[in-house]
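One structure is given here, and the rest of the page talks about it.
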Amino acid sequence: MGSTPPSYQGHRYPVEMIAHCVWLYFRFPLSFREVEELMLQRGVLVSHETVRRWCGTFGQQYANALRRRLRPGDTWHLDEVFIKINGELKYLWRAVDQDGMVLDILVQDRRDTAAARRFFRRLMKTTCSVPRVVITDKLRSYGAAHREVMPRVEHRTSKYLNNRAENSHQPTRRRERAMKRFASPGHAQRFLSAFSGIPPHFRPRRHPMTAPGYRAEMTIRFAIWDQATGAAGRPAAA
């Protein structure tokens, strides 16, 4: 599925450099200063503040472009976990399909029926689809929201069926520790919306792949990344 690449008007650095810095920051547990250092080692002078602005400006656009190329599965796994932001407990709601693709995330103050209802509606709007099956834990808020928003969709509740959603929180936990927690709910929402779309694109399921097959798959994924960022087809920077 094609999409219009981001506009880089007003940016003096080449697209490839901007996209590479954004890729480094979201793909690996690096700080903005560490990305600055890696670019300096390659002879590129760019400040950590510039890297921060690039990630804020283009990270979500790149993640959206990657998601538009995917078709969500018909089985959705939903789960929510606690996160502490400025000493206050918040809830991170996450949905993944049966292949592990992250469909959406949402930071909310509560985990009641209203919060579950809001997340269900956001999911259907984001994916432009309705699942065949929704799998959750036994939180009663899911059942009440399900009956109201998508009553014809099968709803399964099981602690063990929902391992896929629970495991999908692990990369977020690792990155949260590396960032020494999030500064605010808005910061968490902005970062995780992009983070949940970019790194999974570069993590194919390796266990059934041979080494040549993995390299071939990664070559395809890097080509898709170049298309999503608008770097494909451009003349190489001098």
Closest heavy-atom contact between [X] and [Y]?
X      : Y      : answer
Gln60  : Ala194 : OE1-N, 3.5 Å
Ala228 : Leu66  : CB-CD2, 4.0 Å
Thr126 : Leu103 : CG2-O, 4.0 Å
Gln189 : Arg122 : NE2-NH2, 3.6 Å
Leu139 : Arg111 : CD2-O, 3.8 Å
Ile18  : His11  : CD1-CB, 4.0 Å

At what distance, to the nearest 0.5 angstrom, does [atom1] of [X] lie from [atom2] of [Y]?
X      : Y      : atom1 : atom2 : result
Arg53  : Cys21  : CZ    : SG    : 12.0 Å
Glu217 : Thr210 : CD    : OG1   : 11.0 Å
Ile105 : Ser193 : CD1   : OG    : 4.0 Å
Arg117 : Asp112 : CZ    : CG    : 8.5 Å
Arg67  : Ile198 : CZ    : CD1   : 8.5 Å
Ile135 : Asp79  : CD1   : CG    : 12.0 Å

Go through the structure and list residues passing side chain to side chain contact (heavy atoms under 4.5 Å, CB included) with [X], not counting sequence neighbours.
X      : answer
Asp74  : Gln98, Arg132
Arg12  : none
Phe222 : Trp23, Phe202, Met218

Does Arg175 make a cation-pi contact with Tyr25, if we ask for NZ or CZ under 6.0 Å from the ring centre and within 45° of the axis?
yes

Passes side-chain contact (heavy atoms from CB on, under 4.5 Å), Gln227 versus Arg69? Steps please.
CA-CA 11 Å; Gln227 294 172 9; Arg69 296 169 180 271; 3.1 Å; yes

ring-ring contact (aromatic ring centres under 6.0 Å, His included) contacts in which one or both residues fall within residues 127-153, not counting sequence neighbours:
Trp93-Tyr142, His146-His155

So do [Y] and [X] actually touch side chain to side chain, heavy atoms under 4.5 Å?
X      : Y      : answer
Val134 : Phe120 : yes
Leu24  : Met39  : yes
Pro185 : Glu88  : no
Phe182 : Val107 : no
Arg203 : Arg27  : yes
Arg94  : Leu78  : no

Can you check whether Asp99's main-chain N or O pairs, donor with acceptor, with Asp97's side chain at less than 3.5 Å?
yes

Answer yes or no: is there a donor N or O on one side and an acceptor on the other, between the side chain of Gln61 and the main chain of Pro6, under 3.5 Å?
no

Once side-chain hydrogen bond (donor to acceptor under 3.5 Å, both in side chains) is applied, do any residues pair with Arg140, and if so which ones, sequence neighbours excluded?
none

Same cluster or not: [X] versus [Y], using hydrophobic residues (I, L, V, M, F, W, Y) connected whenever any side-chain heavy atoms lie under 4.5 Å apart?
X      : Y      : answer
Leu45  : Leu30  : no
Val46  : Leu40  : no
Met209 : Ile220 : yes
Val130 : Leu123 : yes

Pair Arg121 + Glu148, salt bridge at N-O below 4.0 Å
yes

Under a 3.5 Å cutoff, is there a donor and acceptor pairing between the side chains of Thr75 and Arg156?
no

For Asp104 and Thr127: C-alpha separation, side-chain torsions, deciding distance, then whether side-chain contact (heavy atoms from CB on, under 4.5 Å) applies.
CA-CA 9 Å; Asp104 201 2; Thr127 61; over 6 Å; no

Show your reasoning for whether side-chain contact (heavy atoms from CB on, under 4.5 Å) applies to Thr229 and Phe58.
CA-CA 9 Å; Thr229 62; Phe58 298 108; over 6 Å; no

Start with the C-alpha distance between Arg110 and Ser141, add both sets of side-chain angles, then the distance that settles side-chain contact (heavy atoms from CB on, under 4.5 Å), and finish with yes or no.
CA-CA 11 Å; Arg110 300 178 182 277; Ser141 299; over 6 Å; no

With Trp54 as partner, the option from Tyr13, Tyr8, Phe32 fulfilling ring-ring contact (aromatic ring centres under 6.0 Å, His included) is Tyr13

Give me each pair satisfying salt bridge (Lys or Arg N to Asp or Glu O under 4.0 Å) with a member in residues 28-49, each pair once, sequence neighbours excluded.
Glu49-Arg52

Classify the ring geometry between Tyr91 and Phe82 as parallel (under 30°), tilted (30 to 60°) or perpendicular (over 60°).
tilted

Compute the centroid of each ring, for Tyr62 and then for His201, and state whether the two points are separated by less than 6.0 Å.
no

